[in-house]
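What follows is a short report on a single structure.
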Amino acid sequence: MDKESFFNDVYEVAKLIPEGRVTSYGAIAAYLGVKRSARVVGWAMNGAVSQHEVPAHRVVNRVGLLTGKNHFQSPNRMKELLEAEGVKVEKDQVVNFKKHFWDPMVELGL
DNA sequence: CCCTTGACGCGTT
DNA sequence: GAACGCGCCAAGG
């Protein structure tokens, strides 16, 4: 993998997130081997918004809070997209986050 | 080249 | 158990 693949890898993992499921920045970072760089994952997702192939709305922080909703086209866009996939969102927070949580480490089998 | 900011996470208080 | 602070990494000014 090239060094530039970091952002690309983040996109790849995000693309693998099934509908109705959500994951955290830290989980993706950990899967990529840079678990302490969760912030960088968030930065990568910033560019992912342009990549409409990447469901950035399925990526939230470790508590299930839609911290990045402010970076979308519309702050309400993220919530709508999630609810459209069956993910309940209340007060900018994913309901039953643990239940909808999709861990790449487990799901992808590391 | 140095300083500040930011879609995070974890340890301590 | 909630609130606060520190640490990590990259980008922008």
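Side chains included, hydrogens not; waters and symmetry mates left out as well; all remaining heavy atoms used. Letters go in sequence order (proteins before strands), and every chain restarts at 1.
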Without placing hydrogens or testing angles, list every side-chain donor-acceptor pair under 3.5 Å for residues 17-37 of chain A, not counting sequence neighbours.
unit_1, atom_1, unit_2, atom_2, d
A:Thr23, OG1, A:Trp102, O, 2.9
A:Ser24, OG, A:Ala27, N, 3.2
A:Tyr25, OH, A:Val59, O, 3.2

According to side-chain contact (heavy atoms from CB on, under 4.5 Å), who are the partners of A:Glu83, at least two apart in sequence or on a separate chain?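 For A:Glu83, the residues satisfying side-chain contact (heavy atoms from CB on, under 4.5 Å) (neighbours in sequence not counted) are A:Lys79, A:Val89.
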
Please name all residues satisfying side-chain contact (heavy atoms from CB on, under 4.5 Å) with A:Glu12, sequence neighbours left out, ordered by chain then number.
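Checked A:Glu12 against side-chain contact (heavy atoms from CB on, under 4.5 Å); matches are A:Asn8, A:Lys15.
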
Exercise for the section: Name all residues meeting the side-chain hydrogen bond (donor to acceptor under 3.5 Å, both in side chains) criterion together with A:Asn76; count only those two or more places apart in sequence or in a different chain, and write none if there are none. Expected result: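 A:Asn76: side-chain hydrogen bond (donor to acceptor under 3.5 Å, both in side chains) contacts with A:Glu80.
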
Heavy-atom contacts, protein to nucleotides 6-13 of chain C, under 4.0 Å, summarised as B (base), S (sugar-phosphate only) or - (none) per nt, yield -BBBSS--

task: Could you state whether A:Val49 and A:Trp43 fall into the same hydrophobic cluster, counting links through intermediate Ile, Leu, Val, Met, Phe, Trp or Tyr residues with side-chain heavy atoms under 4.5 angstrom apart?
output: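 In one cluster: no.
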
Tell me whether A:Leu82 shares a hydrophobic cluster with A:Leu65, the cluster being built from Ile, Leu, Val, Met, Phe, Trp, Tyr side chains joined at under 4.5 Å.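 No, no single cluster joins them.
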
For A:Val60 and A:Met78, work out which heavy atoms get closest and say how close.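 Looking at all heavy atoms of both residues, the shortest contact is CG1-CE, 3.8 Å.
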
Contact summary for A:Tyr11 and A:Ala48, nearest pair of heavy atoms: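 Looking at all heavy atoms of both residues, the shortest contact is CE2-CB, 3.4 Å.
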
| So which residues get pulled into A:Val95's cluster when ILVMFWY side chains under 4.5 Å apart are joined, directly or through others? |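 Cluster partners of A:Val95: none, it stands alone.
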
How close or far is atom P of B:dG9 from atom CG of A:Asp103, stated in whole angstroms?
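From A:Asp103 CG to B:dG9 P: 12 Å.
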
- prompt: Heavy atom of residues 44-76 of chain A under 4.0 Å from DNA chain C: which residues?
  reply: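 Those residues: none at all.
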
Check your understanding: Which pairs pass ring-ring contact (aromatic ring centres under 6.0 Å, His included) with one or both residues in residues 49-99 of chain A, sequence neighbours excluded?
Key ->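 Residue pairs passing ring-ring contact (aromatic ring centres under 6.0 Å, His included), neighbours aside: A:Phe97-A:Phe101.
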
* Asked: Can you list every salt bridge (charged side-chain N to carboxylate O under 4.0 Å, His left out) pair that touches residues 37-54 of chain A, not counting sequence neighbours?
  ->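 Qualifying pairs: none.
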
Can you list every salt bridge (charged side-chain N to carboxylate O under 4.0 Å, His left out) pair that touches residues 85-104 of chain A, not counting sequence neighbours?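 Listed by first then second residue: A:Arg58-A:Glu85, A:Lys69-A:Asp92.
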
Please give me every residue in residues 77-89 of chain A whose heavy atoms get under 4.0 Å of an atom in DNA chain B, ordered by residue number.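 Residues of residues 77-89 of chain A that come under 4.0 Å of DNA chain B do not exist, since none gets that close.
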
Residues in contact with DNA chain B, drawn from residues 11-29 of chain A - heavy-atom cutoff 4.0 Å:
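Output list: A:Ser24, A:Tyr25, A:Gly26.
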
